[in-house]
K.L.:
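Below: one structure in structure tokens.
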Amino acid sequence: MTARLNGILSTFLTAAVAATLLTAPARAADKELTIYTYESFTSEWGPGPKVKEAFEKTCDCTVNYVSVADGVALLSRLKLEGAESKADIVLGLDTNLVAEARETGLFAASGVDTAATKVPGDFKDDIFVPYDYGHFAVIYDTQTLKNPPKSLKELVEGDPAQKIAIEDPRTSTPGLGLLLWVKSVYGDKAPEAWAKLKNRVLTVTPGWSEAYGLFTKGEAPMVLSYVTSPAYHMVEEKTDRYQAAAFSEGHYIQIEVAGMLKGSHDKDLAQSFLRFMISPAFQDIIPTTNWMMPVTATSTPLPDAFGKLVTPSKTFLMAPEEVARNRKAWVDEWLAAMSLK
Amino acid sequence: MLTARERRRALAGGGLALAGMLLFAALATVALLRTGLAARGDPLFDPYLWRVLRFTVLQAVLSAMLSVLLAIPFARALARQPHFPGRVWLVRLLALPLGLPVITGALGLLEVWGRKGWANSLLHLLGVPEPISIYGLSGILLAHVFFNFPLCARLLLAGLERLPAEYWLLSSNLGFTPWQLFLHVEWPEIRRQVPGMAGLVLMLAATSFTLVLLLGGGPAATTLEVAIYQALRFDFDPPRAVSLALLQIALTGSLLLLLSFLSGREEEGTSLTLSPRRPDGRTAGRRLADGLTLALGTLFILLPLSAILASGLKADLVRLVSEPLFLRALATSLAIALPAGALAVLLAVAITGLRLTLLETSNGRGLTARLARLAPGAASLILLFPPTVLGTGWFLMAGPSRVESVAPFLVVTINGLMAFPFVLRILEPAITSHRLRTARLAASLGITGSNRLRRIDWPGLKRPVWMGLCFGAALSIGDLGAVALFSSDRLITLPWLLYSRMGSYRTEDAAGLALLLALLCLALTLGGTPAGNRKPSHDS
């Protein structure tokens, strides 16, 4: 019996190895650029495939992606690999992770002129180049919620029977975004605000996917997502049903950035990618694939749906160092307020 | 009744399996501790951790108790009623929930029990104004029971069906009342199974992560696993993650040790008669009560599964299955799940062999026997090692240049290790009673070595082995854990694809994939319970 099983096992292992070899990418051009990014960037509807095609046309090189779950996983992966990393470019960190990423000492100054980029909140950095942004927003279902909150204050103090699904700041970047948003608006009074908001929170999910899944299933009429989320539903599903609530205090922003590594084996190529990233060829792809806002002018106007999106009256953005310094204390504060009976 | 050579081989095999598992976990731990990435030096035991510990233990113990307590009447009713239409399918269904990806099961449950779920719609129709909310401890328990109670019932049923026919004959001759029957025939068997089963649920619930956050309603519901994930992924503090993982093993391990004191006597029944005729279960009242128990239990399992079916059917399934990426993910998933299942079977066979051989050589007495009895439980503790910790440790060992080539093997190994404790629960009782049944006879006939394997062991055990393999594979196929860690574009599995669609607004596609994954799991459980499996025995 054991011998038979051994046979079966080795057959399967051989099959597994064969499957791995068969799917290995073909290596055409001599030059290679390895980009570490998150998974929804490289998925078949993400910007990844189009970006690869567009850049390869200009660089006479091959673009290889290595994708992990999200921005946080990206940073962990880099820390795990250290200086040995094969990455030339890391694409997909957000401003809240920038301070920690800088601290690793693995990144090189970009040397890219970012004067042409226009990002609310005035993010400028000599290492990290922004490639898109999106404001956080409460998305609501117009069919079940007739009076959406018009401010964070209304969200906090509103009817506890109208629930919202939010993400956990311990495990997800939107969760951390909401934490910083509340902190920006309420300051020292944030714990009191959370203690009140707690009654409206249906549940706190580990990531964006689960919260948005609960929302589209109809479990909660509101979810923490992005100002740009309704654009997806309008463009791809032709429906106005899901809308973002404009908050009078303003909205917290998430800016996504990329940087090149000191250990890159072809720094010129890496730098030319960063330059390409803020050119129309890349920026045109972003809105309808990553569902975020471009940081420079696109060559063609954005789809109409983007014109219907909420434009935040004010943008909140904390300095990366301030976030890095206070994150633990603020998460603890959040835990305490949310765990009150 | 083993020859010296067979004994040596069993000891070597079992020792190798145990040492291999220990080494795999230890190397990962050492690699993590040697990162040199400075620990933040936050004290481990702060009030937050105490709260997390309390909640972890509370929900895990309650989940285990509820799952087992509900499984007992269900399995008894199922064992008492060996003939009714659809019974085979019901038995197959019992292996399904645990194979589902957690997020799929959770969304199915919410469709039924959520705020806008079927149950609340019904209550609304009946005039209840406010929806009943399950978020909180009740939601977590509901989910853990949904995932675990069916497996417990399945294992108990197998145990009850293994009882020697003579027991039933004798009790019928003695004119046992149903209560006496329960007390003297069924209970000893149930009691023998409970510690192992409850231990499994306890471990699963203690390490539960997505379900706890999703249904817990807020951070008051946090398990150690969440803290480990946070330490490793968000804070990137490997030493803290390792300390927390070891704490998790120590804590749950001591609960399991307590449980092991509950266990009853060793199995001793031997019988060659294959179709026990139970004297009970034939009166109209009994049949009605059993029918009701079975209907309620089945409904509880079936409703969320129908919700998964209903949302899955809304997706464009034809397009989904014809996508090259889907086919690739399917192939990758199978190429991981089947060897993982095989690894789990190998480990279970080796460790059961070790236990039986040690018990035989020590005549069931003394320190050796005590160690032998503890071996399977101790090996099962591997389930408490968070796959993220194992994976990250091995990632460090492999180094960035080699990680892509070894990732498939690591994923298979981690998945196999995580499936092993479940497969052990299936194989250990089957192998034990097979051994009791055939050992003397084989020895007296002088059938040993490979002859014995071919003529006696393989025919007698191929069904449970096949079932263990299928179940191990089903468990592995819905699992995202290890794959997510090594995620590379060459290792796209079905759960990874499902999450990927969910993460890019494609909820409908995700629902379709969930349905396809559920069907795949079902297909695998078919392998475990072939049709015509109404003959309540394990010999072919």
Side-chain angles (χ1 to χ4, degrees), chain A residues 1-2 4-5 8-9 12-13 15-17 19-20 23-24 39-40 42-46 65-69 72-73 75-76 79-81 84-86 161 163 168 170-171 198 201-206 208-210 212-214 216-220 229 232 236 291 328 332 334-335 338-339, chain B residues 13 37 48 51 103 107 110-111 114-116 135 209-210 213-220 226 229-230 232-234 236 325 328 331-332 335-336 338-339 342-343 345-346 349 392 395-396 399-401 408 412 453 457-458 461-462 465 484 487-490 499-500 502-507 510:
Chain A
M1 173 177 64
T2 322
R4 182 91 62 101
L5 269 177
I8 296 172
L9 183 66
F12 284 137
L13 282 180
V17 175
T20 318
T23 51
E39 175 277 321
S40 66
T42 54
S43 81
E44 62 240 83
W45 318 271
Y65 290 119
V66 171
S67 47
V68 301
V72 179
L75 188 56
S76 305
K79 285 183 177 173
L80 277 177
E81 297 191 345
E84 280 179 72
S85 178
K86 287 189 291 179
K163 298 289 181 189
D168 197 316
R170 291 171 297 174
T171 51
K198 175 178 168 285
V201 170
L202 176 79
T203 195
V204 184
T205 66
W208 178 90
S209 301
E210 293 90 355
Y212 213 78
L214 287 181
T216 47
K217 263 210 174 312
E219 258 308 271
S229 297
Y232 171 81
E236 295 284 327
W291 304 100
K328 186 168 189 318
D332 286 348
W334 175 84
L335 279 172
M338 289 291 287
S339 304
Chain B
L37 289 154
Y48 168 61
R51 223 170 44 216
I103 182 70
L107 289 179
L110 283 175
E111 190 108 358
R115 270 176 71 82
K116 298 284 173 227
Y135 295 92
F209 172 73
T210 306
L213 285 185
L214 194 64
L215 299 170
V226 178
Y229 182 91
Q230 186 190 359
L232 205 51
R233 299 293 295 283
F234 227 82
F236 205 74
L325 197 59
R328 227 180 86 197
T332 311
I336 290 171
L338 293 173
L343 176 65
V345 168
L346 271 180
V349 168
T392 311
F395 191 107
L396 283 166
S401 51
V412 165
L453 265 186
D457 291 343
W458 179 243
L461 286 172
K462 68 180 175 203
V465 163
S487 51
S488 81
D489 305 329
R490 302 186 199 175
Y499 255 94
S500 155
M502 271 190 87
S504 42
Y505 293 101
R506 264 79 184 175
T507 15

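In the text below, chain A, chain B and the rest are named by the order of the sequence lines, each starting its count at 1.
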K.L.:
A/E236: which residues meet the side-chain hydrogen bond (donor to acceptor under 3.5 Å, both in side chains) condition with it, sequence neighbours left out?
P.N.:
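Per chain and number, A/E236 pairs via side-chain hydrogen bond (donor to acceptor under 3.5 Å, both in side chains) with no residue.
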K.L.:
Between B/G399, B/A510, B/G114, which has the largest tally of heavy atom pairs under 4.5 Å with chain A?
P.N.:
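Winner by heavy-atom pair count: B/G114.
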K.L.:
Where on A/T171 is there a heavy atom nearer than 4.5 Å to chain B: the side chain, the backbone, both, or neither?
P.N.:
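For A/T171, the contact with chain B is made by backbone and side chain together.
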K.L.:
What distance separates B/T210 OG1 from A/E210 CD, expressed to the nearest 0.5 Å?
P.N.:
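The CD atom of A/E210 is 6.0 Å from OG1 of B/T210, to the nearest 0.5 Å.
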K.L.:
Let me confirm one number: the CG-CG distance from A/L80 to B/L232, rounded to the nearest 0.5 Å.
P.N.:
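Going from CG on A/L80 over to CG on B/L232, the span is 7.5 Å.
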K.L.:
Is a side-chain N or O of A/T203 found less than 3.5 angstrom from the main chain of B/L213, in a donor-acceptor match?
P.N.:
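Pair found, side chain donor or acceptor close to backbone of B/L213.
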K.L.:
About how many Å separate CH2 of A/W45 and OG of B/S500, when rounded to the nearest 0.5 Å?
P.N.:
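Between atom OG of B/S500 and atom CH2 of A/W45 there are 5.5 Å.
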K.L.:
Looking at A/K163, A/K86, A/E81, A/R170, which has the largest count of heavy-atom pairs under 4.5 Å with chain B?
P.N.:
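Option with the top pair count is A/R170.
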K.L.:
Given that the side chain runs from C-beta out, which part of B/L214 has a heavy atom under 4.5 Å from chain A: side chain, backbone, both or neither?
P.N.:
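Backbone plus side chain of B/L214, per the 4.5 Å heavy-atom cut-off to chain A.
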K.L.:
I'd like to verify something: which residue of A/D168, A/L335, A/T205 has the highest number of heavy-atom pairs under 4.5 Å with chain B?
P.N.:
A/L335
K.L.:
Quick one: are B/R115 and A/L202 in side-chain contact, heavy atoms under 4.5 Å?
P.N.:
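Yes, side chains in contact.
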K.L.:
Could you check whether A/S229 and B/Y505, counting side-chain N and O atoms only, form a donor-acceptor pair closer than 3.5 Å?
P.N.:
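Judged by distance alone, the side chains do pair up.
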K.L.:
Donor-acceptor check, side chain of A/E219 to backbone of B/K116, threshold 3.5 angstrom: yes or no?
P.N.:
yes
K.L.:
Sort out for me which of A/G218, A/S40, A/G46 touches chain B most, counting heavy-atom pairs under 4.5 Å.
P.N.:
A/G218
K.L.:
Is there a side-chain contact between B/F236 and A/L75, using heavy atoms and a 4.5 Å cut-off?
P.N.:
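Contact flag for B/F236/A/L75 side chains = no.
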K.L.:
Could you have a look at A/G213, A/A73, A/A220 and say which one has the most heavy-atom pairs with chain B under 4.5 angstrom?
P.N.:
A/A73
K.L.:
Tell me, side chain or backbone of B/L396 under 4.5 Å from chain A's heavy atoms, or both, or neither?
P.N.:
side chain
K.L.:
On a heavy-atom basis, which atom in B/Y499 and which in A/S209 lie closest, and how many Å separate them?
P.N.:
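Closest pair (atom of B/Y499, atom of A/S209, distance): O-OG, 4.3 Å.
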K.L.:
To the nearest 0.5 Å, what is the distance between OG on B/S504 and OH on A/Y232?
P.N.:
7.5 Å
K.L.:
I'd like to know which of B/T507, B/L325, B/L107 tops the heavy-atom pair count under 4.5 Å against chain A.
P.N.:
B/L107
K.L.:
Checking B/F209 now: which residues fulfil ring pair (Phe, Tyr, Trp, His ring centres under 6.0 Å) with it, not counting sequence neighbours?
P.N.:
B/Y229
